[in-house]
Amino acid sequence: MQRDLMTKLVEWKDSPRRKPLILLGARQVGKTWLMKEFGKNYFKNLVYISFYRNDRIAAIFEKDYNVHRIIDALQIELGVTIVPQETLIVFDEVQNALSVVESLKYFCEDAAEYAIIASGSLLGVALHHGISFPVGKVDELHLYPLTFCEFLKAMEQPALAGFVANCNYEQINDFREKYTDLLKDYMFVGGMPEVVEAFRLSRNYDEARSIQMNIISQYEDDFGKHIESSTLPRIRMVWNTIPVQLAKENRKFFFGQVKEGARLKDFEIAIQWLVDCGLLLKVHKISKPNVPLKSYLDFNSFKLYLLDVGLLGALSGLNKSSVLLGSDVFVEFKGALAEQYVLQQLSTDLGYVPYYYSGDKSTYEIDFIIQREGGIVPIEVMAEENLKAKSLRVFCDKFHPLCAYRFSMSNYREQDWLVNIPLWAVSTVKSLN
């Protein structure tokens with residue numbers, strides 16, 4: 001399986017300003033596999049250490065942060081040889097040994113010759129709870145579920161992935177039927193590596209759904225293991241209400257649908273926990289579509305999506321016939337799958353921070369707004385071939401953005417005031433002027 005982040009890991013390895021790296025990402029997105037694969041392919045040696053129930057090795061870091069003592073102790077305890085520049089050291093599940101995270105500052109300052117990656121499925125949560133984070137002393141990367149282009153490669157369709165990567169719209173349009181079928185598969189299977197690999201081998205949708213439900217069960221088990229009992233019910237309530245929230249025409253998160261009379265303060269901690277551990281993606285509303293968008297963020301209004309489009313379908317109980325027969329995948333669930341899919345490609349593939357905007361008295365809404373050099377770009381997601389982008393037109397007439405994008409089931413084409421991009425080619429946005 002090819003992961004695009006491997007390229008960034010190689011760039012990190014070869015950088016003259018390399019610092020210890022923290023790899024963030026939710027459980028089951030493939031962090032451990034990627035780190036080991038990177039170590040095997042690009043270093044002479046790999047030393048992998050998991051701190052899950054590994055108090056003996058964790059104790060090495062609790063005495064002090066003398067990095068040379070730590071290296072010597074690791075070599076003795078593990079019976080390995082650690083050679084600067086030639087050995088990749090992987091510290092995994094470090095949320096169980098937070099002194100390891102704090103030690104990265106001293107590796108950066110006193111022993112930068114060692115290549116170190118630290119990771120942990122709940123590290124994002126731990127970093128918000130009072131540990132001394134080595135600000136400025138580490139590099140950071142995020143790993144997410146497979147993007148659609150990564151999925152195409154996994155399905156042994158490198159040519160189709162290449163057309164998208166190279167913005168070859170003539171070829172993209174020529175093969176729209178193949179892209180449509182593969183996008184339906186991706187909408188159902190999603191991008192969790194275990195699910196994708198099983199589907200690659202068997203093309204069995206029932207098996208894929210069974211694995212998805214197992215992953216969801218593991219996530220829900222984590223709720224009980226890693227959070228206080230007083231917060232647990234609220235986390236479960238937020239988690240279980242996501243499909244209900246996204247099934248609405250207005251996908252803004254309403255607390256009253258979680259619990260009657262509830263307010264933000266009642267569920268703020270629960271939502272933040274789910275976001276910090278990478279299980280939810282949060283899209284804030286902006287009060288004004290001006291640059292910089294972050295300055296106009298409305299903290300009280302937001303939408304919540306899952307980390308993966310396939311898991312959203314599984315959690316929602318969306319059956320395979322709705323996804324695979326006809327074009328129902330794009331209209332079922334009121335377009336929520338299409339929005340979830342586009343959000344993933346924008347944020348995880350292209351690195352944008354999407355927001356959304358609604359007009360006065362919510363007379364219209366723009367699904368996503370991103371910031372590019374020079375201004376803002378509004379985006380409307382159409383779950384089918386209906387190209388009546390009324391909200392987008394109203395927005396453009398009022399605010400005159402740089403350009404506007406509409407993602408739909410129609411082929412690529414440019415109009416005087418917007419660009420229509422097929423849903424399977426969202427990642428080409430990065431190359432458009």
Distance col, row C149:SG vs W424:CH2, nearest 0.5 angstrom, shows 13.5 Å
request  = State whether a side-chain donor-acceptor pair under 3.5 Å links E93 with Q95.
outcome  = yes
Are any non-hydrogen side-chain atoms of I216 and M213 less than 4.5 angstrom apart? yes
Here the pair of heavy atoms bringing C277 nearest to L122 is CB-CD2, 3.6 Å
Check: residues 156-169 side-chain donor-acceptor pairs under 3.5 Å, at least two apart:
from: N166; atom 1: ND2; to: G162; atom 2: O; distance (Å): 3.0
from: N168; atom 1: OD1; to: Q171; atom 2: N; distance (Å): 3.2
from: Y169; atom 1: OH; to: T428; atom 2: OG1; distance (Å): 2.7

_Could you check whether atom CD of E177 has more than 12 heavy atoms from other residues, nucleotides or ligands sitting under 6.0 Å from it?_
no
Exercise for the section: Check step by step if side-chain hydrogen bond (donor to acceptor under 3.5 Å, both in side chains) holds for T241 and Q257. Expected result: CA-CA 7 Å; T241 196; Q257 287 194 289; 5.9 Å; no
Handout entry: Output field: ring centroids Y186/Y179 closer than 6.0 Å
Key = no
**Message:** Do V101 and P134 make a side-chain contact, defined as non-hydrogen atoms from C-beta onward lying under 4.5 Å apart?
**Reply:** yes
Do the rings of F253 and F255 sit parallel, tilted or perpendicular, given the 30° and 60° boundaries? perpendicular
### Task
Answer with yes or no whether the side chains of S301 and D298 bring together a donor and an acceptor at under 3.5 Å.
yes
From CA spacing to verdict: side-chain contact (heavy atoms from CB on, under 4.5 Å), H142, Y144:
CA-CA 7 Å; H142 287 75; Y144 301 98; 3.5 Å; yes
L104 and A118 have their tightest heavy-atom pair at CD1-CB, 3.9 Å
Exercise for the section: List the steps and the verdict of side-chain contact (heavy atoms from CB on, under 4.5 Å) for I22 and D139. Expected result: CA-CA 6 Å; I22 289 182; D139 296 318; over 6 Å; no
For P378 and C403, the nearest pair of non-hydrogen atoms, with its separation, is CD-O, 3.0 Å
### Query
Looking at F302, is K285 sitting on its ring face, NZ or CZ under 6.0 Å from the six-membered ring centre and within 45 degrees of the normal?
no
Quiz prompt | Aromatic ring proximity Y42/F38, centre distance under 6.0 Å | solution = yes
Show your working on ring pair (Phe, Tyr, Trp, His ring centres under 6.0 Å) between Y355 and F368 and close with a plain yes or no.
-> CA-CA 5 Å; Y355 301 87; F368 301 114; over 10 Å; no
Between N96 and Y52 the two heavy atoms that sit nearest each other are ND2-CA, 3.8 Å
Heavy-atom count check: over 12 atoms from other residues, nucleotides or ligands less than 6.0 Å from Q2 CD? no
Rounded to the nearest 0.5 angstrom, the CG-CG distance for L24 and D276 is 10.0 Å
Those residues at least two apart in sequence (or on a different chain) that pass salt bridge (charged side-chain N to carboxylate O under 4.0 Å, His left out) with E37 are K40
NZ of K282 to CG of L343, rounded to nearest 0.5 Å, is 13.5 Å
Hey, does W239 have a side-chain heavy atom less than 4.5 Å from the side chain of L315? yes
key: Ring centres under 6.0 angstrom apart (F61, F91)   = yes
- Query: Angle class for the F151/F148 ring planes (parallel below 30°, perpendicular above 60°, tilted otherwise)?
  - Reply: parallel
D92 and T32: CA distance, side-chain angles, deciding distance, side-chain hydrogen bond (donor to acceptor under 3.5 Å, both in side chains) verdict: CA-CA 7 Å; D92 205 357; T32 299; 2.6 Å; yes
- Could you tell me whether the side chains of Y352 and R372 share a donor-acceptor contact shorter than 3.5 Å? yes
Geometric cation-pi criterion, R27 with Y219: 6.0 Å, 45°: no
More than 12 foreign heavy atoms under 6.0 Å from NZ of K13: is that the case here? yes
Do R393 and W417 form a cation-pi contact, if we require the NZ or CZ to be under 6.0 Å from the six-membered ring centre and within 45 degrees of the ring's axis? yes
Applying side chain to side chain donor-acceptor pair (under 3.5 Å) to E109 and not counting sequence neighbours gives K137
| request: Show your working on side-chain contact (heavy atoms from CB on, under 4.5 Å) between F51 and V100 and close with a plain yes or no. | output: CA-CA 9 Å; F51 288 91; V100 176; 3.6 Å; yes
Note to self: What I want to check is whether the side chains of N420 and R406 have a donor and an acceptor closer together than 3.5 Å.
What the structure shows: yes
side-chain contact (heavy atoms from CB on, under 4.5 Å) test vs V429 passes for just one of V377, V419, L350, namely L350
Just checking, any donor-acceptor pair under 3.5 angstrom between side chains of E268 and Q272?
no
Interatomic distance, CG@L392 vs CD1@I379, rounded to 0.5 Å, equals 9.5 Å
Does K153 pair with E150 as a salt bridge, N-O distance under 4.0 Å? no
Subject >> Side-chain heavy atoms of E365 within contact of Y356, under 4.5 Å >> reply: yes
Original post:
More than 12 foreign heavy atoms under 6.0 Å from CD1 of I269: is that the case here?
Top reply: no
When rounded to the nearest 0.5 Å, the distance separating CD of Q28 from CG of L307 is 10.5 Å
Original post:
When you look at V381 and Y405, which way does the side-chain contact (heavy atoms from CB on, under 4.5 Å) test go after all the steps?
Top reply: CA-CA 9 Å; V381 179; Y405 297 145; over 6 Å; no
Quiz item: Does the side chain of R18 come under 3.5 Å of the side chain of Q85 through a donor N or O and an acceptor N or O?
Solution: yes
Between P292 and Q371, the two heavy atoms sitting closest are CA-OE1, 3.4 Å
**Asked** Are R203 and F199 in a cation-pi contact, defined as NZ or CZ under 6.0 Å from the six-membered ring centre and within 45° of the axis?
**Response** yes
Taken to the nearest 0.5 Å, the spacing of L337 CG from L312 CG works out to 5.5 Å
Nearest heavy-atom contact between P289 and I376 is O-CD1, 3.2 Å
Regarding K320 and D206, does a basic nitrogen lie under 4.0 Å from an acidic carboxylate oxygen? yes
